[in-house]
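Below: one structure, written as C-alpha coordinates.
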Amino acid sequence: MNFFTKETKTALQAKEQALWLAFAPIAFQASKALRDLGILKVVADSGTQGVTIEEILEKVQLSRYSARVLLEAGLGLEMLIVNNKRYTLTKTGFFILNDRLTRINMDFSADVCYKAMYHLQDSLVEGKPRGLQELGTWETIYPGLSLLPEPARTSWFNFDHYYSDLAFPAVLPIVFEQQPKKLLDIGGNTGKWSMACAGYDPDVQVTIVDLPAQVNVAQKNIEEAGLQHRIDFYITNILDESQPFAQGYDVIWMSQFLDCFSEPEIISILRRCREALNEGGSIFILEPFWDRQQFKSAAFCLQQTSLYFTAIANGNSQMYHTDDFFSCIRAAGLEVVLENNDVGLSYTLLRCVKA
(Lines give C-alpha, C1' and ligand atoms only; values in the text may rest on other atoms or scores of the structure.)
Protein backbone atom coordinates (compact mmCIF):
# COMPACT_ATOMS: atom_id res chain seq x y z
CA MET A 1 0.00 0.00 0.00
CA ASN A 2 1.52 3.30 -1.14
CA PHE A 3 -1.36 5.66 -0.47
CA PHE A 4 0.50 7.83 2.03
CA THR A 5 4.03 8.10 0.69
CA LYS A 6 3.89 11.25 -1.43
CA GLU A 7 2.06 14.53 -1.96
CA THR A 8 -0.70 14.12 -4.57
CA LYS A 9 -2.34 17.57 -4.71
CA THR A 10 -1.51 20.89 -6.22
CA ALA A 11 -1.45 23.88 -3.86
CA LEU A 12 -4.94 24.88 -5.01
CA GLN A 13 -6.33 21.38 -4.48
CA ALA A 14 -4.72 21.24 -1.06
CA LYS A 15 -6.28 24.55 -0.04
CA GLU A 16 -9.67 23.36 -1.29
CA GLN A 17 -9.40 20.26 0.90
CA ALA A 18 -8.33 22.36 3.86
CA LEU A 19 -11.44 24.51 3.42
CA TRP A 20 -13.61 21.40 3.19
CA LEU A 21 -12.15 20.26 6.50
CA ALA A 22 -12.76 23.66 8.06
CA PHE A 23 -16.48 23.26 7.34
CA ALA A 24 -16.60 19.48 7.80
CA PRO A 25 -18.97 19.42 10.82
CA ILE A 26 -21.46 21.63 8.98
CA ALA A 27 -21.08 19.64 5.77
CA PHE A 28 -21.72 16.40 7.65
CA GLN A 29 -24.93 17.65 9.23
CA ALA A 30 -26.14 19.08 5.92
CA SER A 31 -25.50 15.76 4.19
CA LYS A 32 -27.42 13.88 6.87
CA ALA A 33 -30.30 16.37 6.73
CA LEU A 34 -30.55 16.07 2.94
CA ARG A 35 -30.80 12.30 3.41
CA ASP A 36 -33.06 12.10 6.46
CA LEU A 37 -35.50 14.87 5.51
CA GLY A 38 -36.24 13.22 2.19
CA ILE A 39 -34.77 15.71 -0.26
CA LEU A 40 -32.27 13.29 -1.80
CA LYS A 41 -35.03 10.72 -2.29
CA VAL A 42 -37.26 13.21 -4.09
CA VAL A 43 -34.40 14.29 -6.34
CA ALA A 44 -33.41 10.68 -7.01
CA ASP A 45 -36.97 9.76 -7.96
CA SER A 46 -36.99 12.52 -10.58
CA GLY A 47 -34.25 10.76 -12.54
CA THR A 48 -32.49 12.64 -15.31
CA GLN A 49 -35.43 15.04 -15.70
CA GLY A 50 -34.62 16.65 -12.38
CA VAL A 51 -36.91 18.47 -10.01
CA THR A 52 -37.54 22.10 -9.05
CA ILE A 53 -37.65 23.44 -5.52
CA GLU A 54 -41.40 23.90 -5.89
CA GLU A 55 -41.83 20.22 -6.77
CA ILE A 56 -39.63 19.22 -3.85
CA LEU A 57 -41.76 21.27 -1.44
CA GLU A 58 -44.84 19.32 -2.51
CA LYS A 59 -43.26 16.16 -1.07
CA VAL A 60 -41.25 17.24 1.99
CA GLN A 61 -42.37 19.00 5.16
CA LEU A 62 -40.04 21.99 4.95
CA SER A 63 -40.28 25.72 4.36
CA ARG A 64 -38.96 27.11 1.11
CA TYR A 65 -36.10 28.69 3.02
CA SER A 66 -35.07 25.39 4.65
CA ALA A 67 -35.20 23.50 1.37
CA ARG A 68 -33.27 26.24 -0.42
CA VAL A 69 -30.34 26.38 2.02
CA LEU A 70 -30.06 22.60 2.02
CA LEU A 71 -30.19 22.34 -1.76
CA GLU A 72 -27.54 25.03 -2.13
CA ALA A 73 -25.36 23.26 0.45
CA GLY A 74 -25.88 20.05 -1.54
CA LEU A 75 -24.44 21.75 -4.62
CA GLY A 76 -21.27 22.66 -2.76
CA LEU A 77 -21.09 19.14 -1.34
CA GLU A 78 -21.27 17.81 -4.90
CA MET A 79 -24.29 15.70 -4.01
CA LEU A 80 -26.52 17.63 -6.40
CA ILE A 81 -26.22 19.51 -9.66
CA VAL A 82 -28.67 22.08 -11.04
CA ASN A 83 -29.59 23.02 -14.61
CA ASN A 84 -32.46 25.34 -15.53
CA LYS A 85 -33.42 25.35 -11.84
CA ARG A 86 -33.94 21.57 -11.89
CA TYR A 87 -31.89 19.53 -9.42
CA THR A 88 -30.51 16.07 -10.19
CA LEU A 89 -28.52 13.62 -8.11
CA THR A 90 -24.77 13.10 -8.51
CA LYS A 91 -22.97 9.81 -7.90
CA THR A 92 -21.96 11.07 -4.45
CA GLY A 93 -25.59 11.86 -3.66
CA PHE A 94 -26.56 8.39 -4.84
CA PHE A 95 -24.14 6.73 -2.43
CA ILE A 96 -25.19 8.91 0.50
CA LEU A 97 -28.78 7.89 -0.18
CA ASN A 98 -28.44 4.22 -1.18
CA ASP A 99 -25.11 2.70 -0.16
CA ARG A 100 -25.50 0.56 2.96
CA LEU A 101 -21.86 0.91 4.01
CA THR A 102 -22.04 4.70 3.77
CA ARG A 103 -25.32 4.78 5.70
CA ILE A 104 -23.95 2.61 8.51
CA ASN A 105 -20.80 4.74 8.79
CA MET A 106 -22.80 7.98 8.75
CA ASP A 107 -25.22 6.75 11.43
CA PHE A 108 -22.31 5.58 13.59
CA SER A 109 -20.59 8.96 13.23
CA ALA A 110 -23.81 10.85 14.00
CA ASP A 111 -25.28 8.78 16.82
CA VAL A 112 -22.14 7.52 18.59
CA CYS A 113 -19.28 9.87 17.74
CA TYR A 114 -20.48 13.34 16.80
CA LYS A 115 -21.02 14.99 20.19
CA ALA A 116 -18.25 12.96 21.80
CA MET A 117 -15.63 14.18 19.33
CA TYR A 118 -15.84 17.64 20.86
CA HIS A 119 -13.78 16.06 23.67
CA LEU A 120 -11.12 14.53 21.41
CA GLN A 121 -8.32 16.91 22.36
CA ASP A 122 -8.94 16.34 26.08
CA SER A 123 -8.89 12.58 25.44
CA LEU A 124 -5.59 12.80 23.59
CA VAL A 125 -3.94 14.87 26.33
CA GLU A 126 -5.32 12.89 29.27
CA GLY A 127 -5.33 9.38 27.79
CA LYS A 128 -8.95 8.93 28.86
CA PRO A 129 -12.14 8.60 26.75
CA ARG A 130 -13.54 11.97 27.77
CA GLY A 131 -16.17 11.91 25.03
CA LEU A 132 -17.86 8.88 26.59
CA GLN A 133 -19.67 11.20 28.98
CA GLU A 134 -21.99 12.06 26.10
CA LEU A 135 -23.27 8.46 26.13
CA GLY A 136 -22.97 7.21 29.71
CA THR A 137 -21.02 7.15 32.96
CA TRP A 138 -18.82 4.08 32.37
CA GLU A 139 -15.02 4.23 32.49
CA THR A 140 -14.92 2.57 29.06
CA ILE A 141 -17.70 1.91 26.60
CA TYR A 142 -17.54 -1.88 26.83
CA PRO A 143 -19.58 -2.49 30.02
CA GLY A 144 -22.26 -0.20 28.59
CA LEU A 145 -22.61 -1.48 25.03
CA SER A 146 -25.95 -3.20 25.61
CA LEU A 147 -27.07 -0.20 27.70
CA LEU A 148 -26.30 2.58 25.22
CA PRO A 149 -29.17 5.01 24.65
CA GLU A 150 -30.93 4.80 21.32
CA PRO A 151 -30.18 5.47 18.53
CA ALA A 152 -26.53 5.05 19.58
CA ARG A 153 -27.00 1.40 20.56
CA THR A 154 -28.48 0.36 17.22
CA SER A 155 -25.92 2.37 15.24
CA TRP A 156 -23.02 0.90 17.24
CA PHE A 157 -24.08 -2.71 16.72
CA ASN A 158 -24.91 -2.12 13.05
CA PHE A 159 -21.42 -0.69 12.58
CA ASP A 160 -19.74 -3.53 14.46
CA HIS A 161 -21.67 -6.39 12.86
CA TYR A 162 -21.67 -5.19 9.26
CA TYR A 163 -17.95 -5.63 8.80
CA SER A 164 -17.40 -8.85 10.76
CA ASP A 165 -20.53 -10.65 9.53
CA LEU A 166 -19.34 -10.36 5.93
CA ALA A 167 -16.14 -12.20 6.87
CA PHE A 168 -17.65 -15.14 8.75
CA PRO A 169 -18.52 -17.39 5.76
CA ALA A 170 -14.98 -17.07 4.39
CA VAL A 171 -13.16 -17.82 7.64
CA LEU A 172 -15.24 -20.71 9.01
CA PRO A 173 -13.62 -23.36 6.73
CA ILE A 174 -10.15 -22.10 7.69
CA VAL A 175 -10.86 -22.13 11.44
CA PHE A 176 -12.38 -25.63 11.28
CA GLU A 177 -9.80 -27.11 8.92
CA GLN A 178 -8.24 -29.09 11.79
CA GLN A 179 -11.62 -30.03 13.29
CA PRO A 180 -11.29 -28.39 16.71
CA LYS A 181 -13.45 -29.84 19.46
CA LYS A 182 -13.26 -26.94 21.92
CA LEU A 183 -13.29 -23.30 20.82
CA LEU A 184 -12.93 -20.22 23.02
CA ASP A 185 -14.66 -17.11 21.63
CA ILE A 186 -13.15 -14.13 23.45
CA GLY A 187 -15.29 -11.01 23.22
CA GLY A 188 -18.29 -12.96 21.97
CA ASN A 189 -20.54 -9.91 22.03
CA THR A 190 -24.05 -10.93 20.86
CA GLY A 191 -23.03 -14.52 20.16
CA LYS A 192 -23.17 -14.38 16.34
CA TRP A 193 -19.81 -16.03 15.75
CA SER A 194 -20.36 -18.76 18.34
CA MET A 195 -23.72 -19.60 16.81
CA ALA A 196 -22.14 -19.68 13.35
CA CYS A 197 -19.54 -22.15 14.67
CA ALA A 198 -22.19 -24.37 16.23
CA GLY A 199 -24.07 -24.37 12.94
CA TYR A 200 -20.96 -25.15 10.93
CA ASP A 201 -19.70 -28.08 13.02
CA PRO A 202 -22.21 -30.17 15.03
CA ASP A 203 -19.49 -31.51 17.33
CA VAL A 204 -17.72 -28.34 18.44
CA GLN A 205 -18.22 -27.00 21.97
CA VAL A 206 -17.90 -23.23 22.29
CA THR A 207 -17.23 -21.03 25.31
CA ILE A 208 -17.88 -17.29 25.13
CA VAL A 209 -15.73 -14.99 27.27
CA ASP A 210 -17.14 -11.53 27.91
CA LEU A 211 -18.43 -9.01 30.42
CA PRO A 212 -21.74 -9.63 32.24
CA ALA A 213 -23.86 -7.23 30.17
CA GLN A 214 -22.69 -8.72 26.87
CA VAL A 215 -23.10 -12.29 28.14
CA ASN A 216 -26.70 -11.53 29.06
CA VAL A 217 -27.44 -10.46 25.49
CA ALA A 218 -25.58 -13.41 23.95
CA GLN A 219 -27.24 -15.90 26.30
CA LYS A 220 -30.69 -14.71 25.27
CA ASN A 221 -29.84 -15.00 21.57
CA ILE A 222 -28.32 -18.46 22.01
CA GLU A 223 -31.30 -19.75 23.97
CA GLU A 224 -33.64 -18.46 21.27
CA ALA A 225 -31.56 -20.38 18.72
CA GLY A 226 -31.73 -23.55 20.84
CA LEU A 227 -27.94 -23.81 21.14
CA GLN A 228 -27.51 -23.50 24.91
CA HIS A 229 -26.28 -27.12 25.13
CA ARG A 230 -23.44 -26.31 22.68
CA ILE A 231 -22.35 -22.88 23.91
CA ASP A 232 -21.45 -21.94 27.47
CA PHE A 233 -20.06 -18.79 29.08
CA TYR A 234 -17.15 -17.55 31.12
CA ILE A 235 -17.84 -14.13 32.62
CA THR A 236 -14.74 -12.09 33.36
CA ASN A 237 -13.02 -8.77 32.88
CA ILE A 238 -10.42 -9.63 30.26
CA LEU A 239 -8.05 -6.99 31.68
CA ASP A 240 -7.96 -8.57 35.14
CA GLU A 241 -4.72 -10.55 35.00
CA SER A 242 -5.59 -12.31 38.27
CA GLN A 243 -8.31 -14.21 36.42
CA PRO A 244 -6.66 -16.74 34.05
CA PHE A 245 -8.58 -18.18 31.15
CA ALA A 246 -9.97 -21.69 31.29
CA GLN A 247 -7.52 -24.22 29.85
CA GLY A 248 -7.67 -26.86 27.15
CA TYR A 249 -8.85 -25.19 23.94
CA ASP A 250 -8.00 -26.27 20.42
CA VAL A 251 -8.89 -22.89 18.93
CA ILE A 252 -9.11 -19.43 20.45
CA TRP A 253 -10.99 -16.87 18.36
CA MET A 254 -10.95 -13.07 18.56
CA SER A 255 -12.86 -11.02 15.98
CA GLN A 256 -12.26 -7.25 15.92
CA PHE A 257 -11.48 -7.56 19.61
CA LEU A 258 -7.83 -6.77 20.20
CA ASP A 259 -8.16 -3.34 18.58
CA CYS A 260 -10.16 -2.48 21.69
CA PHE A 261 -6.98 -2.54 23.80
CA SER A 262 -3.60 -0.85 24.16
CA GLU A 263 -0.42 -2.65 23.13
CA PRO A 264 0.52 -3.74 26.71
CA GLU A 265 -3.03 -5.02 27.18
CA ILE A 266 -2.91 -6.94 23.87
CA ILE A 267 0.33 -8.62 24.95
CA SER A 268 -1.20 -9.58 28.30
CA ILE A 269 -4.32 -11.03 26.64
CA LEU A 270 -2.30 -12.99 24.09
CA ARG A 271 0.00 -14.43 26.75
CA ARG A 272 -3.00 -15.79 28.65
CA CYS A 273 -4.44 -17.11 25.38
CA ARG A 274 -1.15 -18.95 24.85
CA GLU A 275 -1.50 -20.58 28.26
CA ALA A 276 -5.09 -21.64 27.55
CA LEU A 277 -4.20 -23.29 24.25
CA ASN A 278 -3.75 -27.03 23.77
CA GLU A 279 -0.52 -28.22 22.18
CA GLY A 280 -0.91 -27.89 18.44
CA GLY A 281 -3.78 -25.45 18.88
CA SER A 282 -4.30 -22.17 17.05
CA ILE A 283 -5.24 -18.61 17.91
CA PHE A 284 -7.22 -16.95 15.12
CA ILE A 285 -7.37 -13.16 15.03
CA LEU A 286 -9.66 -11.29 12.65
CA GLU A 287 -8.73 -7.61 12.39
CA PRO A 288 -8.94 -4.73 9.91
CA PHE A 289 -5.42 -3.33 9.57
CA TRP A 290 -5.29 0.06 7.88
CA ASP A 291 -2.03 -0.73 6.06
CA ARG A 292 -3.50 -3.86 4.46
CA GLN A 293 -6.36 -2.13 2.63
CA GLN A 294 -6.86 -2.30 -1.12
CA PHE A 295 -8.51 1.11 -1.33
CA LYS A 296 -7.43 4.43 0.14
CA SER A 297 -10.99 5.14 1.31
CA ALA A 298 -10.92 1.96 3.43
CA ALA A 299 -7.64 2.98 5.05
CA PHE A 300 -9.10 6.43 5.69
CA CYS A 301 -12.17 4.99 7.43
CA LEU A 302 -10.03 2.84 9.70
CA GLN A 303 -7.67 5.69 10.57
CA GLN A 304 -10.61 7.87 11.58
CA THR A 305 -12.22 5.01 13.51
CA SER A 306 -9.08 4.93 15.66
CA LEU A 307 -10.17 8.28 17.07
CA TYR A 308 -13.47 6.74 18.18
CA PHE A 309 -11.37 4.51 20.46
CA THR A 310 -9.43 7.56 21.66
CA ALA A 311 -12.38 9.77 22.53
CA ILE A 312 -15.13 7.27 23.35
CA ALA A 313 -14.20 3.62 23.73
CA ASN A 314 -11.23 3.51 26.10
CA GLY A 315 -8.70 6.26 25.34
CA ASN A 316 -5.76 4.01 24.44
CA SER A 317 -6.47 1.69 21.49
CA GLN A 318 -6.90 1.95 17.74
CA MET A 319 -7.17 0.24 14.36
CA TYR A 320 -3.57 -0.90 14.18
CA HIS A 321 -0.80 -0.94 11.59
CA THR A 322 0.55 -4.47 11.24
CA ASP A 323 4.05 -3.44 12.36
CA ASP A 324 2.74 -2.49 15.80
CA PHE A 325 0.28 -5.40 16.05
CA PHE A 326 2.75 -8.09 15.00
CA SER A 327 5.21 -6.80 17.60
CA CYS A 328 2.57 -7.57 20.25
CA ILE A 329 2.14 -11.09 18.89
CA ARG A 330 5.86 -11.79 19.08
CA ALA A 331 6.12 -10.30 22.57
CA ALA A 332 3.42 -12.73 23.73
CA GLY A 333 5.45 -15.76 22.62
CA LEU A 334 3.45 -16.42 19.46
CA GLU A 335 4.20 -16.47 15.78
CA VAL A 336 2.00 -15.84 12.74
CA VAL A 337 1.78 -18.88 10.46
CA LEU A 338 -1.08 -17.67 8.25
CA GLU A 339 -1.97 -14.18 7.02
CA ASN A 340 -4.99 -13.90 4.74
CA ASN A 341 -5.62 -10.30 3.66
CA ASP A 342 -8.62 -11.06 1.46
CA VAL A 343 -11.37 -11.70 4.00
CA GLY A 344 -14.73 -9.92 3.92
CA LEU A 345 -14.79 -6.21 3.29
CA SER A 346 -11.54 -5.06 4.91
CA TYR A 347 -10.26 -7.83 7.17
CA THR A 348 -7.09 -9.82 7.69
CA LEU A 349 -7.24 -13.27 9.24
CA LEU A 350 -4.18 -14.31 11.26
CA ARG A 351 -3.45 -17.79 12.55
CA CYS A 352 -0.99 -17.77 15.42
CA VAL A 353 0.71 -20.67 17.21
CA LYS A 354 3.11 -21.00 20.10
CA ALA A 355 6.58 -19.87 19.05
Side-chain angles (χ1 to χ4, degrees), residues 32 35-36 99-117 129 131-172 185-199 206 208-225 227 231 233 235 237-238 253-261 285-288 298 301-302 304-314 317-319 343-347:
K32 188 170 183 295
R35 185 195 74 176
D36 293 351
D99 180 57
R100 188 181 176 204
L101 173 61
T102 302
R103 179 173 290 270
I104 285 171
N105 284 339
M106 179 172 276
D107 289 347
F108 176 77
S109 293
D111 301 332
V112 178
C113 300
Y114 200 87
K115 291 181 180 179
M117 280 299 155
L132 184 56
Q133 63 186 286
E134 301 291 347
L135 297 171
T137 58
W138 315 282
E139 289 188 12
T140 70
I141 199 171
Y142 306 116
L145 286 177
S146 62
L147 306 173
L148 288 172
E150 291 292 1
R153 183 181 185 277
T154 295
S155 294
W156 192 96
F157 280 104
N158 285 345
F159 180 81
D160 182 67
H161 288 168
Y162 179 78
Y163 294 91
S164 57
D165 288 3
L166 290 174
F168 286 173
V171 300
L172 280 166
D185 179 7
I186 300 181
N189 213 331
T190 60
K192 278 195 171 185
W193 166 255
S194 291
M195 290 188 286
C197 290
V206 182
I208 292 177
V209 176
D210 218 322
L211 295 165
Q214 275 74 271
V215 164
N216 289 338
V217 174
Q219 194 164 22
K220 179 181 178 182
N221 293 335
I222 287 162
E223 288 175 356
E224 289 175 355
L227 293 170
I231 304 171
F233 302 91
I235 299 174
N237 179 355
I238 202 80
W253 169 263
M254 288 172 281
S255 172
Q256 200 172 310
F257 177 73
L258 292 175
D259 54 50
C260 300
F261 302 97
I285 300 169
L286 189 66
E287 282 288 339
C301 290
L302 292 172
Q304 308 318 304
T305 301
S306 287
L307 298 176
Y308 146 78
F309 289 104
T310 306
I312 303 167
N314 59 7
S317 68
Q318 66 173 109
M319 295 299 189
V343 179
L345 187 64
S346 58
Y347 278 96

Partners of [X] by side-chain hydrogen bond (donor to acceptor under 3.5 Å, both in side chains), sequence neighbours excluded?
| X | answer |
| --- | --- |
| Tyr347 | Gln256 |
| Asp36 | Lys32 |
| Ser109 | none |
| Ser255 | none |

(request) Evaluate the side-chain proximity of Pro288 to Asp259: yes if any heavy-atom separation is below 4.5 Å, no if none is. (result) yes

Ring pair (Phe, Tyr, Trp, His ring centres under 6.0 Å) with [X]: which residues, sequence neighbours excluded?
| X | value |
| --- | --- |
| Phe157 | His161 |
| Trp253 | Trp193 |
| Tyr142 | none |
| Phe309 | none |

To the nearest 0.5 Å, what is the distance between [atom1] ([X]) and [atom2] ([Y])?
| X | Y | atom1 | atom2 | answer |
| --- | --- | --- | --- | --- |
| Cys260 | Gln318 | SG | CD | 12.0 Å |
| Ile104 | Thr154 | CD1 | OG1 | 11.5 Å |
| Phe261 | Ile238 | CZ | CD1 | 6.5 Å |

(request) Check side chain to side chain contact (heavy atoms under 4.5 Å, CB included) between Gln214 and all other residues, then give those that pass, not counting sequence neighbours. (result) Leu145, Ser146, Asn189, Asp210, Leu211

(request) For residues 103-113, pull every pair meeting salt bridge (charged side-chain N to carboxylate O under 4.0 Å, His left out), keeping only residues two or more places apart or in separate chains. (result) Arg35-Asp107

(request) Quick one: which residue pairs count as a salt bridge (charged side-chain N to carboxylate O under 4.0 Å, His left out) with a foot in residues 187-197, not counting sequence neighbours? (result) Asp165-Lys192

Mind listing the closest non-hydrogen atom pair of [X] and [Y] along with its distance?
| X | Y | answer |
| --- | --- | --- |
| Leu258 | Glu287 | N-OE2, 3.2 Å |
| Met117 | Leu307 | CE-O, 3.2 Å |
| Asn105 | Phe159 | OD1-CE1, 3.2 Å |
| Gln219 | Phe233 | CA-CZ, 3.5 Å |
| Ala218 | Gly191 | CB-N, 3.9 Å |
| Ile312 | Cys113 | CD1-CA, 3.6 Å |

(message) Test side-chain contact (heavy atoms from CB on, under 4.5 Å) on Asn158 and Phe108; report intermediate values, then the result.
(response) CA-CA 8 Å; Asn158 285 345; Phe108 176 77; over 6 Å; no

(message) Would Ile141 and Leu148 count as a side-chain contact (heavy atoms from CB on, under 4.5 Å) here? Give the steps.
(response) CA-CA 9 Å; Ile141 199 171; Leu148 288 172; 4.3 Å; yes

(message) As a test of understanding, state which of Ile235, Ile222, Ile186 forms a side-chain contact (heavy atoms from CB on, under 4.5 Å) with Ile208.
(response) Ile222

Sequence neighbours excluded and cut-off under 3.5 Å, please list the side-chain donor-acceptor pairs for residues 131-140, or say none.
from   : atom 1 : to     : atom 2 : distance (Å)
Gln133 : NE2    : Arg130 : O      : 2.7
Glu134 : OE2    : His119 : NE2    : 2.9

